[in-house]
Amino acid sequence: MGNTPFWPESASNWAQGVDALYIFLVLVSVVMCVLIFGAVAFLSVKFRRKPGVQPTAIEGSHFLEITWSVLPMFFFFAFFLGGALIFFHERTPPQDASEIYVVAKQWMWKMEHPEGPREINTLHVPLGKDVKLIMTSMDVIHSFYVPAFRIKQDVLPGRYTIMWFRATQPGTYHLFCAEYCGTQHSGMIGSIIVQPEAEYQTWLNGGSSSVPLAQTGEKAFAELGCASCHRSDTQGRGPLLAGIYGRPVALEDGRSVMVDENYLRESILDPGAKVVAGFRPVMPTFQGIISEEQLAALVAYVKSLTPSSGQAAGAAPAKAEKGPPQMKSGRSR
Ligand code: CUA
């Protein structure tokens, strides 16, 4: 579709599927439109009032009714299936995707690469590599929209929304805010720059001496005193964090929750919301104390911790298991 007039450029793995679905929808709509209006025109001429002809009542037809109910149903299911397949694929980022934190605010986009570089209203991405966006807003609802990639995702204050893509064409592409967010909404634009891997690496290394995000998080972790509880030798005041990301964890109230970016975020800002089984809600909140950037760094740091890396060394597993998950069923209901 690349050179079709009026058609947006296609530069990501989503373009083909989204375009195919769109074309299918348009084709079915056009065919239905022609059929219906054609039938209206034809029948109104054929059955027009004629002198001396008395109209006769027509009884219902099961054959007709079933046909025009069942046939469209298959088309609607096809729309649904096509949409759902793309939707679920879009919401399931590959495990090894490189993770970029996006913070939106009136009226700019801030991007943070895991390797450290930060950008405003510009995002460099490597060609052919999976990129996962972890996005949040500092004020109102914005929407991250890259037409050439066929991606659009609302960016909300107070939580992370996730989106991923793989750029397939080098070049520079428009980034828009697609949710009205105030007087300068239309100026909240930027560019996505897709570079071949080598060029991208050069760009990454060429910036100022930037510290990897997880390392910034490690520093904040120490400065904020997180380590005084989240350690293996502190009588289990706080759960150990190594290796928790991407796994389900049992909660004090019997539920279980998947440890993802949003759970980590909530546990830092509102620690009492979902307390891990076997622990008491003693952690203070960091709401209003840390910035979105620090929060992103902390989340990136916790995600970077593996059972074998630093934090959980030694007697960790035994303590982490302290207080068997209390799966009392009756209480919470
Ligand atoms: Cu941000 Cu519109």
Side-chain angles (χ1 to χ4, degrees), residues 6-15 18-19 21-22 83 86-87 90-91 93 97-114 116-125 130-167 169 171-195 207 210 213 216 260-262 264-266 268-270 286-300:
F6 309 118
W7 201 267
E9 335 172 65
S10 312
S12 89
N13 58 319
W14 302 121
V18 172
D19 287 358
L21 184 61
Y22 176 76
I86 295 174
F87 180 84
E90 266 185 4
R91 308 292 134 162
S98 86
E99 301 184 333
I100 290 170
Y101 286 81
V102 175
V103 179
K105 58 174 280 195
Q106 287 166 325
W107 287 274
M108 61 164 81
W109 298 99
K110 295 200 256 180
M111 331 279 188
E112 291 185 37
H113 291 258
R118 292 152 181 239
E119 306 181 72
I120 287 181
N121 293 342
T122 309
L123 176 62
H124 286 74
V125 293
D130 298 336
V131 174
K132 173 179 171 185
L133 302 174
I134 304 167
M135 308 188 287
T136 190
S137 165
M138 287 170 68
D139 35 52
V140 298
I141 300 177
H142 303 272
S143 184
F144 192 97
Y145 178 36
V146 186
F149 290 180
R150 309 290 190 275
I151 58 170
K152 187 197 278 175
Q153 170 63 52
D154 276 9
V155 178
L156 310 174
R159 58 180 278 192
Y160 289 125
T161 49
I162 308 248
M163 182 93 223
W164 79 276
F165 63 86
R166 184 172 58 247
Q169 292 287 331
T172 302
Y173 304 99
H174 286 297
L175 161 66
F176 295 105
C177 178
E179 183 68 47
Y180 182 68
C181 56
T183 45
Q184 286 177 54
H185 155 71
S186 61
M188 193 170 162
I189 52 178
S191 356
I192 313 286
I193 298 168
V194 180
Q195 297 175 309
S210 38
L213 198 57
T216 309
D260 57 10
E261 289 86 359
N262 270 313
L264 294 176
R265 179 194 177 90
E266 181 184 57
I268 295 168
L269 299 180
D270 183 12
F286 286 87
Q287 181 92 53
I289 295 171
I290 58 173
S291 66
E292 280 296 346
E293 281 86 356
Q294 281 177 300
L295 190 53
L298 282 171
V299 169

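Values below: all heavy atoms of this structure, side chains included; hydrogens, waters and symmetry mates excluded. Here the structure is a predicted model, which means the values were calculated and not measured. First listed ligand is number 1; within each ligand, the first listed atom is number 1.
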Check: Where is the tightest heavy-atom contact between Tyr22 and Trp7, given as atom of each residue plus distance?
Finding: CD2-CH2, 3.5 Å

Margin query: Can you tell me how the ring of Phe165 sits relative to the ring of Phe149, calling it parallel under 30°, perpendicular over 60° and tilted otherwise?
Written below: tilted

Notebook entry, point to check: Can an N, O or S atom be found in His142 less than 2.8 Å away from atom 2 (Cu) of ligand 1?
Noted result: no

Notebook entry, point to check: Can an N, O or S atom be found in Met188 less than 2.8 Å away from atom 1 (Cu) of ligand 1?
Noted result: yes

Notebook entry, point to check: Angle subtended at atom 2 (Cu) of ligand 1 by O of Glu179 and SG of Cys181, to 10 degrees?
Noted result: 110°

Notebook entry, point to check: Does any N or O in the side chain of Asn262 come within less than 3.5 Å of the main-chain N or O of Arg159, such that one atom is a donor and the other an acceptor?
Noted result: no

Next item on the list: Using a cut-off of strictly less than 2.8 Å, determine whether His185 has an N/O/S atom near atom 1 (Cu) of ligand 1.
Entry: no

Next item on the list: Could you tell me whether Glu292 and Lys105 make a salt bridge, using a distance below 4.0 angstrom between a side-chain N and a carboxylate O?
Entry: no

